[in-house]
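In this text the structure is predicted, and so the values were computed from the model without any measurement. No hydrogens, no waters, no symmetry mates; every other heavy atom, side chains included, goes into these values.
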Amino acid sequence: MEDLLNLMLFYGFFLGITLAIGHLSLKKEKKSGYLYTVSIFTMGLCLLNMALYSTRMIRYYEYYCTALLPVSYFATASQYVRYKILITPGDQHTSHNWSYYLPAIIVFFIILIPALNSDLDYNPNMIRFYPVLNSEFKELQLYYKILLLLYPLLSILHFILFSLSLIDASFIWNRKNSHQNLIVFKSLYVCGLLICLSSCFAFAGCLYSLNLVKAGIFIGTTGMLLTYIFAVRYPKFSIKLHEEVQRYRYMKSKIKGLDVIEIIGKLEHAMKIERAYAVEGITIRDMATELGVTVHQLSEILNNHMGKNFNSYINSYRIEESKKLLLEKPEMSIIVISGDVGFSSSSMFSTIFSKIEGLSPREFRKIKNICKK
């Protein structure tokens with residue numbers, strides 16, 4: 001049973017390689033598409049590295065793991081760089097992205113030291129993976145301790161870079177819209193959290209137990225698999241994510257420096273006390289002028305803090321007021337009520353009322369009156 005579970009740990013490696021080969025055959029519209037192929041391929045090798053040293057199933061795994069260490073660091077950097085390119089506007093320079101690969105370069109030269117120093121060698125007993133808080137680790141020479149410390153440091157690097165990515169994308173949880181794109185983004189965000197959690201388990205395993213490393217592999221592979229499923233189901237999600245990020249940044253820049261709470265207070269006062277919604281034909285430009293902000297700023301505030309566009313916001317007040325009039329003033333006709341709350345026609349009033357309440361104004365009044373009796 002244990003051997004079967006250990007074999008399952010290599011699934012992430014095969015998944016990464018398969019996805020990379022499949023993606024390589026697709027037509028690339030942007031250079032970031034090739035970076036995705038490279039990152040997913042090297043991430044498969046990174047998962048192979050973890051599976052090798054946590055299971056010790058393969059003979060001479062020590063050599064393979066040592067050789068794969070720079071590749072694992074390269075994979076971590078590539079994942080983050082690809083995300084940076086995805087959310088960065090095309091007119092911004094990304095030449096500094098090479099700096100994220102410095103750890104991989106440093107690790108590459110560290111593992112070459114025995115080849116340049118006759119006092120050191122690649123003795124399997126020396127480069128075999130041991131948890132840091134272990135008696136065998138304490139007995140190693142300084143160089144081999146440094147070499148083994150590269151494993152938990154890799155987990156820390158992966159956690160930091162992935163956390164930065166999640167922090168950058170955390171704005172999606174503040175968006176109140178429920179359209180499909182945001183639902184997909186939030187689902188993918190959860191996948192990212194799983195991958196980030198896998199780094200925590202891998203780090204703890206590098207300190208204490210190989211079993212924790214195995215748990216980290218399972219969690220990370222699950223996150224990777226779910227991401228793949230979403231990518232297949234929604235092939236344009238990366239493009240939509242780029243658009244969503246740029247839209248958010250644009251909106252954020254428009255309301256920067258404003259006292260949003262004060263503006264919202266003034267807006268609600270205009271609606272509740274002054275009944276601004278009852279003005280027939282009122283536009284967002286009229287309301288923005290009244291509040292002393294631009295149309296873009298008011299639109300951003302409504303979308304980000306109210307979860308509605310201007311028309312939906314205005315109509316919500318109109319419908320609530322009409323419901324009161326329908327019940328409290330039975331002598332008022334539907335046509336009179338529609339005009340009183342700001343609708344240009346009774347047909348438009350009935351359509352919007354039915355959409356929000358699920359029944360027409362006449363049916364609403366009739367049912368509520370029956371309930372009262």
Side-chain angles (χ1 to χ4, degrees), residues 1-17 42-76 79 103-104 107-108 110-111 114 120-163 191-226:
M1 185 64 179
E2 182 179 356
D3 289 340
L4 178 61
L5 291 175
N6 286 338
L7 282 173
M8 291 176 62
L9 294 175
F10 289 86
Y11 173 72
F13 162 65
F14 292 108
L15 177 63
I17 302 303
T42 52
M43 184 50 61
L45 294 177
C46 180
L47 289 171
L48 172 63
N49 188 8
M50 295 174 66
L52 285 172
Y53 71 70
S54 63
T55 62
R56 301 183 175 183
M57 292 181 65
I58 307 298
R59 189 179 182 185
Y60 302 129
Y61 79 90
E62 300 91 346
Y63 297 115
Y64 301 130
C65 289
T66 302
L68 287 172
L69 263 174
V71 179
S72 299
Y73 276 84
F74 181 90
T76 299
Q79 275 196 324
V107 171
F108 175 75
I110 289 176
I111 67 172
L120 300 172
D121 58 29
Y122 296 106
N123 187 323
N125 293 324
M126 294 291 115
I127 60 176
R128 177 173 300 149
F129 177 80
Y130 297 109
V132 173
L133 301 179
N134 187 290
S135 58
E136 287 88 349
F137 176 85
K138 296 177 181 179
E139 296 174 359
L140 295 174
Q141 297 179 34
L142 177 61
Y143 169 76
Y144 299 107
K145 287 182 178 179
I146 294 174
L147 189 65
L148 293 188
L149 284 173
L150 294 177
Y151 291 96
L153 289 176
L154 172 63
S155 300
I156 293 174
L157 178 64
H158 191 269
F159 176 81
I160 291 174
L161 293 182
F162 232 94
S163 295
C191 294
L193 288 175
L194 286 175
I195 296 174
C196 203
L197 180 63
S198 71
S199 299
C200 298
F201 272 86
F203 174 73
C206 288
L207 297 182
Y208 300 104
S209 169
L210 293 176
N211 289 329
L212 290 174
V213 177
K214 294 177 182 179
I217 297 174
F218 275 117
I219 295 172
T221 303
T222 300
M224 187 175 171
L225 178 60
L226 291 175

- If you take all heavy atoms of Ala75 and Cys46, which pair is closest and at what distance? CB-CB, 4.3 Å
- Item | Glu62 vs Met126, side chain to side chain contact (heavy atoms under 4.5 Å, CB included): CA-CA, chis, key distance, verdict | CA-CA 9 Å; Glu62 300 91 346; Met126 294 291 115; over 6 Å; no
- Message: Evaluate Tyr53 against Tyr151 for ring-ring contact (aromatic ring centres under 6.0 Å, His included), listing each step before the verdict.
- Response: CA-CA 10 Å; Tyr53 71 70; Tyr151 291 96; 4.8 Å; yes
- Item | Approximate separation, where rounding is to 0.5 Å, of Ile111 CD1 and Cys65 SG | 11.5 Å
- 4.5 Å side-chain heavy-atom contact, Leu52 and Leu48: yes
- Message: If you count every heavy atom of other residues, nucleotides or ligands that lies below 6.0 Å from Tyr143 atom OH, does the total exceed 12?
- Response: yes
- Message: Could you check whether atom CZ of Phe10 has more than 12 heavy atoms from other residues, nucleotides or ligands sitting under 6.0 Å from it?
- Response: yes
- Item | Polar contact flag, side-chain donor to acceptor under 3.5 angstrom, Ser199-His158 | yes
- Message: Quick check: do Pro131 and Phe137 have side-chain heavy atoms less than 4.5 Å from each other?
- Response: no
- What's the shortest heavy-atom distance between Val213 and Cys206, and which atoms? CG2-N, 3.9 Å
- Item | Minimum heavy-atom distance between Ser72 and Leu154, given as atom pair plus value | CB-CD2, 3.5 Å
- Item | Over 12 foreign heavy atoms within 6.0 Å of OH, Tyr63 | yes
- Check whether any side-chain heavy atom of Leu140 lies under 4.5 Å from a side-chain heavy atom of Tyr130, and answer yes or no. yes
- Task: Return yes if some donor-acceptor pair links the side-chain N/O of Lys145 with the main-chain N/O of Lys138 below 3.5 Å, else return no.
- Result: yes
- Message: Counting neighbours of CE on Met8 that are heavy atoms of other residues, nucleotides or ligands and sit closer than 6.0 Å, is the number greater than 12?
- Response: no
- Item | Any donor-acceptor pair under 3.5 Å from Tyr61 side chain to Ala51 backbone | no
- Task: Kindly give the heavy-atom pair with the smallest separation between Ser54 and Lys214, and that separation in Å.
- Result: O-CE, 3.1 Å
- Message: My understanding is that only one of Leu15, Leu7, Leu9 makes a side chain to side chain contact (heavy atoms under 4.5 Å, CB included) with Tyr11; could you say which?
- Response: Leu15
- Item | Separation of Glu139 CD from Asn125 CG (nearest 0.5 Å) | 11.5 Å
- With a 4.5 Å heavy-atom cut-off, do Leu69 and Ile110 have their side chains touching? no
- Please assess Val107 against Phe74 for the test side chain to side chain contact (heavy atoms under 4.5 Å, CB included), listing each intermediate value before the final yes or no. CA-CA 10 Å; Val107 171; Phe74 181 90; over 6 Å; no
- Item | Backbone of Arg128 reached by a side-chain donor or acceptor of Arg56 within 3.5 Å | no
- Query: Between Cys191 and Leu226, what is the shortest heavy-atom contact and its length?
  - Reply: SG-CB, 3.4 Å
- Message: To the nearest 0.5 Å, what is the distance between CG on Leu133 and OG on Ser209?
- Response: 11.5 Å
- Is there a side-chain contact between Cys196 and Phe162, using heavy atoms and a 4.5 Å cut-off? yes
- Taking it one step at a time, do Tyr73 and Leu153 satisfy side chain to side chain contact (heavy atoms under 4.5 Å, CB included)? CA-CA 10 Å; Tyr73 276 84; Leu153 289 176; 3.5 Å; yes
